[in-house]
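Labels below follow one simple rule: chain letters A, B, ... track the order of the sequence lines, proteins then strands, and each chain is numbered from 1.
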2 protein chains.
Amino acid sequence: MNAPERIWNHQQRNRAARLERVRLQLGADLTGKILPAARAGDLLHAVLECGDRVCLEGNNQKQADFLGKTLAALDPLRINQLHMLQSVLALPEHLDVFENGIASKLDFSFSGPQAARLARLVSSRKIDIGAIHTYLELFGRYFVDLTPRVSLIAAEAADRHGNLYTGPNTEDTPAIVEATAFKSGIVIVQVNRIMDVLPRVDIPADWVDYVIEAPTPYYIEPLFTRDPALISEIQVLMAMMAIKGIYAEYQVERLNHGIGFDTAAIELLLPTYAASLGLRGKIARHWALNPHPALIPAIEAGFVESVHSFGSELGMEPYISARPDVFFVGPDGSMRSNRALCQAAGHYACDMFIGSTLQIDLQGNSSTATLGRIAGFGGAPNMGADARGRRHASPAWLKAGRQAGEGRNRMPRGQKLVVQIVETFREHMQPAFVEKLDAWELAEQAGMALPPVMIYGDDVTHILTEEGIANLLLCRTDEEREQAIRGVAGYTPVGMARDHRMVENLRDRGIVQRPEDLGIDKRLATRDLLAAKNMKDLVRASGGLYMPPERFRNW
Amino acid sequence: MNAPERIWNHQQRNRAARLERVRLQLGADLTGKILPAARAGDLLHAVLECGDRVCLEGNNQKQADFLGKTLAALDPLRINQLHMLQSVLALPEHLDVFENGIASKLDFSFSGPQAARLARLVSSRKIDIGAIHTYLELFGRYFVDLTPRVSLIAAEAADRHGNLYTGPNTEDTPAIVEATAFKSGIVIVQVNRIMDVLPRVDIPADWVDYVIEAPTPYYIEPLFTRDPALISEIQVLMAMMAIKGIYAEYQVERLNHGIGFDTAAIELLLPTYAASLGLRGKIARHWALNPHPALIPAIEAGFVESVHSFGSELGMEPYISARPDVFFVGPDGSMRSNRALCQAAGHYACDMFIGSTLQIDLQGNSSTATLGRIAGFGGAPNMGADARGRRHASPAWLKAGRQAGEGRNRMPRGQKLVVQIVETFREHMQPAFVEKLDAWELAEQAGMALPPVMIYGDDVTHILTEEGIANLLLCRTDEEREQAIRGVAGYTPVGMARDHRMVENLRDRGIVQRPEDLGIDKRLATRDLLAAKNMKDLVRASGGLYMPPERFRNW
């Protein structure tokens, strides 16, 4: 049984060899773990080996952009066939590494801004996609079968020992670094500055190999900022339906909102419409959410008790620091975010996910995949899935489970509320409801094993449009489900093809609800209901603490 | 909108007041953050306030037992109504705090050894149970609506600044400390020793308030050690069926095993039976698993490529350190475990969970809850649930999904394999198969909202007994499912009540498979197939590196 000749520390030996190469080639420029930015390319040439699994920190907001650019500029004759692991493909250099022949394989979660170029690179065989993941799933694989050999990370600051301060934008860093450092991998960090004493230590120096002060601060995207001026009255009406027909109906206390104007409208109606319904302290108390500026009025109105965040949001830092009863804030006064733990919280400790999508089919499957674009889904599949491992009860979860189980011979259980909120027509009059998702054709084009569905129909509990709410929990047959969906699909071809008698029957049974069925006066659905009507109102609501990025300011 | 008079830092002020109380009462004995053990009770009296949410680190293995004992000995006139948050109730003092009137409410995940006493305390109204959770769910709530005000933690060592070394038994510590430290809570740690220089830093000193060198090292339980001498030939037969009928059939490469002799038998058959089937390198390559000693022969035989762990296992430390290609090992040479991240990996990056249970009903629902005992479920609900947010494909996951979808009008998707492996009769001839779970009556007795089910029937894909395998994925009606379960339930009343003709029909369709249907010769199912037959064999297989705890040694 014993194989005494077998070597059991290949990874440690290989790590030592890489560190030794760096010492020989760059030792003169190294001060402890710190290397000048000018030597970054040489460092990567010395550390990397062909075929390495490399995790480049490119996530929802913060980007290790300097290291990404450096990677893209390496010599493909020396370094090639890299297998890139990445939460998000956001920057052009994330695809340059493939175009330049340095990397060939990709496992990722989201590629919004680069989705079209990614599709082109896949079809020209420059990129072999391993799989598209939800964030927490990708992190999980870092500890199982996709452990990074080298990780390229971004932090706010390092001290001279190599301890890191990631501050409000901690995001994916702890999960990536832990997987790499404890499997004899190599962790390289770009920091905005080197400090003598850090405000706090977020990553211990023991877990870090090399630190580079980048020529410019890392790039960061204000992804969750929505200007209230752009919210339409249709969105106000939908927000009213959401609040009265779902939040109040199920007593939703713990939740997550997707990105978008639909959910921003809900956030801005909490202190006005929801307060007028007497819902303060009864709904929307605890959040797993990035610090959305649109949430400021609800926080100020005392609606919000706590917010734990995946990442931060540009311009919200001073406001967050001044509201430590609400946000997770360190002893240094800045926020702590953590995408892995917040995704776990969103999955297991929230009663509702509400978000938007591009296409919904007749079974309620939804997808943001459209032809010619490989976009991925980010956190939505994790937040928008029933957490079947959940065991603690709450009124919202029990009620949803009761509705799903009524008349069925099954073990009673709870269920997560998963709401898709969409206008029946999106931009350019594209219908949001379709007979067949584009995902089918995309799967065929890109050779995927399954059509890329963001949220599966059997996890969706409600579909909300300007026409009304379809409660899929109460549907008992595939046909009822289909007609409930057609019944809120408005003037789209899918909506026009409804069986009117059956939809009216579903309405009698409360499966389809119109604004008037909910006692909502459509005439009140005006922008006057918004607690903030523009960016300046948000700043005012924050007492001047919120400082929107330049592009959101017209004053 | 603005409420300038409102205070937004209650938590920070309250924290400062607690720290000030400590300074006034114990300042003379404090050296930085370090306090002598003799003052531990005074520290808790000074820090705690009535009604506090207190997280006591009591998890699967490592216990903050000194702090737990100190807590149980506080003056209930001064400190009472505490709300305890705990992964595991393992030690008597965990219940003493309730019996002594110090705590009154409990949110937890598992109480195996204390299950009967817990039930008594609940029925005498000494304990109000918030809810029973799966581990990751409880951690998630720490960031949403159950954030600890004070956490009592165990670590291997601290340095004089308060940096912590948690070593191989890191387990729940990072999740608990992060939730507490970044919401202005207070973190108190018992350590086995104070060192000048730590082997590595696992928790930065910034996150820690007080450190106490405990009079004795923290208690730790070798929970995952199973003596191969106690494995029966029935278990060998079941392990053969698991390997040939499930692992090989679905090409299961990434998996988690529950605790028990059934799965230990599988581990010990990998280098013998599975190797004889040519399965090395094809199955069981990547694990989310504690370092089970029974896995040593499979590791030595080159079956196992990687193991990421929730926690460590007593006696395995030198072996783990010598196998860094397999385990997650830090630069200091000791393992890194992390229960939160390993549970995420088990949920999202594994294709199979296989574990045992006490009772299974006719729908396949299983529970370890029995009358008079409130046990909880630990990690099983999370590992044993279909991960509906998962999006990456693997052969095992696609095949399970195809089988579940065959002939159904639904969007194609994958599915996790969830296998329940049980002998038809457990100890004292109690049948494992029942018409109705004890969980129903227990729920009524204890006033639970739902019967405490460990794994729901619709998440179970296979039930494996000594009589055969029931593949529930292929069942198309409730009746087929019921008969498939009866068809492997042996001579239990549930098994005897089978419809023989229907079971034979299910067998023809491959839904029920007997050993002979799988081409397994029952005569080969002897203990000779075990790669190690006793503890000494395990030690030998490890090259003398594994050092079993005293109680497992008879030499």
Q | Worked check of side chain to side chain contact (heavy atoms under 4.5 Å, CB included) between Met411(A) and Leu437(B) | A | CA-CA 10 Å; Met411(A) 177 64 69; Leu437(B) 297 177; 3.9 Å; yes
Q) Does the side chain to side chain contact (heavy atoms under 4.5 Å, CB included) test come out yes or no for Leu136(A) and Tyr348(B), once each step is laid out? A) CA-CA 8 Å; Leu136(A) 191 57; Tyr348(B) 270 130; 4.0 Å; yes
Q.
Set out, in order, the CA-CA distance, both residues' side-chain angles and the distance that settles side chain to side chain contact (heavy atoms under 4.5 Å, CB included) for Leu341(A) and Tyr142(B), then state yes or no.
A. CA-CA 10 Å; Leu341(A) 290 172; Tyr142(B) 291 169; over 6 Å; no
Q: Given side chain to side chain contact (heavy atoms under 4.5 Å, CB included), test Val329(B) with Gln12(A) step by step and report yes or no.
A: CA-CA 10 Å; Val329(B) 167; Gln12(A) 286 180 347; 4.1 Å; yes
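With chain A as partner, the option from Thr134(B), Asp145(B), Ile203(B), Asn409(B) having the largest number of non-hydrogen pairs under 4.5 angstrom is Asp145(B). If you tally non-hydrogen atom pairs under 4.5 Å between each of Asp206(A), Asp361(A), Val453(A) and chain B, the highest count goes to Asp206(A).
Contact annotation for Arg413(B): both backbone and side-chain heavy atoms come within less than 4.5 Å of a heavy atom of chain A.
When every heavy atom of Ala181(B) is checked against every heavy atom of Pro331(A), the shortest pair comes out as O-CD, 4.3 Å. Smallest separation of non-hydrogen atoms from Trp440(B) and Pro412(A): CH2-CD, 3.4 Å. Of all heavy-atom pairs between His286(B) and Val144(A), the closest is ND1-O, 3.2 Å. Between His392(A) and Ala131(B), the closest heavy-atom pair is CB-CB, 3.4 Å.
In this structure, the side chain of Asn9(A) does not engage the main chain of Pro324(B) through any donor-acceptor pair within 3.5 Å. Under a 3.5 Å cut-off, the side chain of Trp207(A) and the backbone N or O of Val201(B) do form a donor-acceptor pair. No donor-acceptor pair closer than 3.5 Å links the side chain of Trp8(B) to the backbone N or O of Glu300(A).
Scanning for side chain to side chain contact (heavy atoms under 4.5 Å, CB included) contacts around Asp537(B) gives Ala532(B), Lys533(B), Asn534(B), Arg540(B), with sequence neighbours left out. Residues meeting the side-chain hydrogen bond (donor to acceptor under 3.5 Å, both in side chains) test with Lys183(B), sequence neighbours left out: Gln11(B).
With respect to the salt-bridge test (charged N to carboxylate O, under 4.0 angstrom), the residues Asp458(A) and Arg388(B) qualify. Ion pairing between Arg391(B) and Glu137(A) fails under the 4.0 Å rule for side-chain N and carboxylate O.
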